[in-house]
Amino acid sequence: MTPEFHRPVRIDHIGEGETRQHITADADERRRLMGRFGLLALDSLEADYSLRRDAADIVATGRLTAQVAQPCVASGEPVPESIDEPFTLRFLPEGSVEGGELELDDDAMDTMFYAGASIDLGEAAAETLALALDPYPRSPHAEEALRAAGVLKEEEAGPLSALSGLKDLLKK
């Protein structure tokens, strides 16, 4: 299945030095990514890559920029966000990791697997975007919406909060 944002680069076109690539998602690709990630808007998505070979692996460094709006977790209102995310990715051939497990050290970078003779910079950008999104976007009205729904603040829901009414009863 072809991903929403598909920008294949043939591995044999990546030379000994660095190869630079710039990709931009068009309106249709952005619309499909909005559906995939549950976004209210995706006004722009671009990525700049520097690609270099590292044996059978490809290392990509660069920067992703995007203008998005996500629904507030409390009110559903749009929460706009500008994303400017540096990244380092390692593309490995599928099946190159024994047993399907990859040992990570402190300097580990995100890893993507590829099959065939190309890597997909569009899908790499889409996954980088997904990781950069705020997992709990909140609008300025989030607190009001939560209060109206009966959600207590953390200090109100603590273990002693259940006993707070006893103080008033003891005064009577």
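Since we're looking at a predicted model, the values are computed, not measured.
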Working to the nearest 0.5 Å, report the span between [atom1] of [X] and [atom2] of [Y].
| X | Y | atom1 | atom2 | answer |
| --- | --- | --- | --- | --- |
| Ile119 | Phe113 | CD1 | CZ | 14.0 Å |
| Gln67 | Asp84 | CD | CG | 9.5 Å |
| Tyr114 | Ile58 | OH | CD1 | 5.5 Å |

Return the minimal non-hydrogen interatomic distance between [X] and [Y], and the atom names on each side.
| X | Y | value |
| --- | --- | --- |
| Pro78 | Pro80 | O-CD, 3.6 Å |
| Arg30 | Ala25 | NH1-O, 2.9 Å |
| Ala125 | Ala47 | CB-CB, 4.2 Å |
| Ala132 | Glu81 | O-OE2, 4.0 Å |
| Arg90 | Asp57 | NH1-OD2, 3.2 Å |
| Pro3 | Arg32 | O-NH1, 4.5 Å |

Within-4.5 Å side-chain heavy-atom neighbours: [X] and [Y]:
| X | Y | answer |
| --- | --- | --- |
| Arg52 | Thr61 | no |
| Ile23 | Phe5 | yes |
| Gln21 | Leu51 | yes |
| Asp12 | Ser118 | no |
| Val59 | Met109 | yes |
| Leu64 | Leu45 | yes |
| His6 | Asp120 | yes |
| Leu133 | Leu39 | yes |

Say whether, by atom type as modelled, one donor and one acceptor occur between the side chain of Arg7 and the main chain of Thr24 under 3.5 angstrom.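 Yes.
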Judged by atom type as modelled, is there a donor-acceptor pair below 3.5 Å linking the side chain of Glu127 to the main-chain atoms of Ala124?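 No: the side chain of Glu127 does not pair with the backbone of Ala124.
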For residues 34-48, which residue pairs qualify under side chain to side chain donor-acceptor pair (under 3.5 Å), counting only residues two or more places apart or in two chains?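 For residues 34-48, and leaving out neighbouring residues, the side chain to side chain donor-acceptor pair (under 3.5 Å) pairs sorted by first residue read Glu4-Arg36, His22-Glu46, His22-Asp48, Arg36-Glu123.
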Would [X] end up clustered with [Y] when hydrophobic side chains under 4.5 Å apart are linked, directly or stepwise?
| X | Y | result |
| --- | --- | --- |
| Met112 | Leu121 | yes |
| Phe37 | Leu42 | yes |
| Met34 | Val73 | no |
| Leu33 | Leu89 | yes |

With Ile83 as reference, evaluate Leu129, Thr65, Asp134 under the side chain to side chain contact (heavy atoms under 4.5 Å, CB included) test and give the passing residue.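 The residue from Leu129, Thr65, Asp134 that satisfies side chain to side chain contact (heavy atoms under 4.5 Å, CB included) with Ile83 turns out to be Leu129.
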With sequence neighbours excluded, tell me which residues meet ring-ring contact (aromatic ring centres under 6.0 Å, His included) with Tyr49.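 Once residues adjacent in sequence are excluded, the partners of Tyr49 under the ring-ring contact (aromatic ring centres under 6.0 Å, His included) criterion are Phe87.
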